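So the structure is just underneath, and the comments pick up after that.
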Amino acid sequence: MAEHIIYLLGPYRIPGFQGERNIRVYLPSEGANAEPSPVLFLFDGQNVFHDDPSFSGGWHLHEAVRELADRGLVAPVLVGIDHGGSERLTELSPFPGDGSDGRLDDVLGWLTSEIVPAVRERFPVRRDAAGTAIGGSSMGGLAALYAHFRRPDVLGAALCMSPSLWFAERKIFDVIAAQPVPASSRLYVDAGAQEDDGSVLRDAARLVEHLRGRGYGEANLFFCPDEAGTHSEDAWRRRAPGALQFLFAEAAREQPGGAGAQEGSQQAA
């Protein structure tokens, strides 16, 4: 098997936005007989793989995925979606405010109508919501959380690392409270105690408490407070392998016709 082949798709244009961006795809296994894998779409694709495209170091997430595969665990296909540079804040924010026009819905429409179908057509990935996740950190973590509750019919799981829940006066809490619990919903949430004097972690804990009150349990919600964690690529890179293992550990059970995930919540030290 070839080592760490990352496919480059694009460049793509998002209607109504300037510039072009690439899509990077990594498969945990190659070959004509590869079984469809769950797939994780990630915002800020420049940070997902190597150091070079990233501003302050990549997550090397392909190495974490390969390790899962080598251990015989469920490993997702990774799809990194590059941000648009100066328009990043507007792309990733669901709401106007704090210097953003709040056009995540436009990006989400493009993602679900163009990029998800393109990846499903070209690569051996699952096509059900339970096998399709969205993820990111900081504003990307906020965007992933919103995207899951906005389009749970396509994106049935979310990886939310240090999500910027404070954005636009914490409007995301009202949005989630107004939404029904998705039929397929699996969430990983984390934050570091060293981020903004602990406010990022407090917001994350508030989110988890709300979700627990709505029936999320240990099978579909994992909260990872990181006492040493800072708001940095280094912290997200360190926590990412555990996030992947939780998000996709029961993916085989959640395939169409399977038993499905139980509801519940779990906190990790």
Side-chain angles (χ1 to χ4, degrees), residues 10-24 40-48 53-59 79-116 133-152 154-155 158-179 187-192 195-207 210 229-233 235-236:
Y12 289 92
R13 286 185 175 272
I14 302 178
F17 288 86
Q18 297 180 356
E20 299 176 327
R21 78 271 325 280
N22 291 312
I23 306 292
R24 297 176 175 87
L40 172 60
F41 293 86
L42 290 144
F43 295 114
D44 293 326
Q46 292 95 328
N47 298 332
V48 171
S54 173
F55 177 73
S56 55
W59 292 8
V79 182
I81 306 163
D82 284 5
H83 64 70
S86 61
E87 290 193 285
R88 176 181 178 270
L89 186 59
T90 286
E91 292 174 5
L92 297 183
S93 55
F95 326 109
D98 296 305
S100 165
D101 294 336
R103 295 185 58 193
L104 176 58
D105 276 324
D106 294 333
V107 174
L108 190 54
W110 167 77
L111 172 64
T112 55
S113 66
E114 185 171 351
I115 302 305
V116 171
I134 185 75
S137 63
S138 193
M139 283 300 295
L142 173 66
L145 180 67
Y146 177 87
H148 169 57
F149 279 91
R150 183 75 172 84
R151 291 301 307 272
V154 179
L155 306 167
L159 183 156
C160 309
M161 306 185 85
S162 303
S164 298
L165 303 173
W166 56 266
F167 188 81
E169 299 182 345
R170 295 174 170 80
K171 187 176 180 180
I172 188 65
F173 287 100
D174 293 332
V175 170
I176 291 176
Q179 297 294 321
L187 299 171
Y188 170 92
V189 179
D190 71 19
E195 299 181 61
D196 198 14
D197 295 323
S199 67
V200 177
L201 180 55
R202 289 192 294 272
D203 282 342
R206 175 186 167 189
L207 171 66
H210 168 78
T230 58
H231 201 78
S232 67
E233 307 296 341
W236 300 323

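Hydrogens, waters and symmetry mates are skipped; everything else that's a heavy atom, side chains included, is used. Here the structure is a predicted model, which means the values were calculated and not measured.
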Which heavy atom in [X] sits nearest to a heavy atom in [Y], and how many Å separate them?
{"X": "Phe43", "Y": "Ala144", "result": "CE1-N, 3.7 Å"}
{"X": "Pro163", "Y": "Val200", "result": "O-CG1, 4.1 Å"}
{"X": "Phe149", "Y": "Gln179", "result": "O-OE1, 3.9 Å"}
{"X": "Leu142", "Y": "Pro94", "result": "CD2-CD, 3.8 Å"}
{"X": "Ala204", "Y": "Val189", "result": "CB-CG1, 4.1 Å"}
{"X": "Val48", "Y": "Gly80", "result": "CG2-CA, 4.3 Å"}

Consider only side-chain N and O atoms of Glu195 and Thr230, and report whether a donor and an acceptor are under 3.5 Å apart.
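Per modelled atom types, Glu195 and Thr230 side chains form no pair under 3.5 Å.
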Salt bridge (charged side-chain N to carboxylate O under 4.0 Å, His left out): pairs with one or both residues in residues 91-101, sequence neighbours excluded
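For residues 91-101: Arg21-Glu91.
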Contact list for residues 165-175, test salt bridge (charged side-chain N to carboxylate O under 4.0 Å, His left out), sequence neighbours left out
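For residues 165-175: Arg170-Asp203.
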Min side-chain heavy-atom separation [X]-[Y] under 4.5 Å:
{"X": "Arg206", "Y": "Leu165", "answer": "no"}
{"X": "Asp105", "Y": "Val107", "answer": "no"}
{"X": "Trp110", "Y": "Arg13", "answer": "no"}
{"X": "Leu159", "Y": "Ile134", "answer": "no"}
{"X": "Asn47", "Y": "Trp236", "answer": "no"}
{"X": "Asp196", "Y": "Leu201", "answer": "no"}
{"X": "Ser93", "Y": "Phe167", "answer": "yes"}

Look at the side chain of [X] and the backbone N and O of [Y], then say whether any donor-acceptor pair between them is shorter than 3.5 Å.
{"X": "Thr112", "Y": "Leu108", "result": "yes"}
{"X": "Gln46", "Y": "His83", "result": "yes"}
{"X": "His148", "Y": "Leu155", "result": "yes"}
{"X": "Ser232", "Y": "Ala235", "result": "yes"}
{"X": "Arg103", "Y": "Gly16", "result": "yes"}
{"X": "Arg150", "Y": "Leu145", "result": "no"}

Should Ser199 and Trp166 be marked as a side chain to side chain donor-acceptor pair (under 3.5 Å) after you check the CA-CA gap, both sets of side-chain angles, and the distance that decides it?
CA-CA 9 Å; Ser199 67; Trp166 56 266; over 6 Å; no
Which distance, rounded to the nearest 0.5 Å, do you find between the [atom1] of [X] and the [atom2] of [Y]?
{"X": "Phe95", "Y": "Tyr146", "atom1": "CZ", "atom2": "OH", "value": "6.0 Å"}
{"X": "Ile23", "Y": "Glu114", "atom1": "CD1", "atom2": "CD", "value": "9.0 Å"}
{"X": "Ile172", "Y": "Leu207", "atom1": "CD1", "atom2": "CG", "value": "8.5 Å"}
{"X": "Cys160", "Y": "Asp190", "atom1": "SG", "atom2": "CG", "value": "9.0 Å"}
{"X": "Tyr12", "Y": "Glu20", "atom1": "OH", "atom2": "CD", "value": "12.0 Å"}
{"X": "Leu89", "Y": "Ser100", "atom1": "CG", "atom2": "OG", "value": "4.5 Å"}

Side chain to side chain contact (heavy atoms under 4.5 Å, CB included) assessment of Met139 paired with Asp44
CA-CA 9 Å; Met139 283 300 295; Asp44 293 326; 6.0 Å; no
Working note: Val154 + Val116, criterion side chain to side chain contact (heavy atoms under 4.5 Å, CB included); need CA distance, chi angles, decisive distance, verdict.
CA-CA 9 Å; Val154 179; Val116 171; 4.2 Å; yes
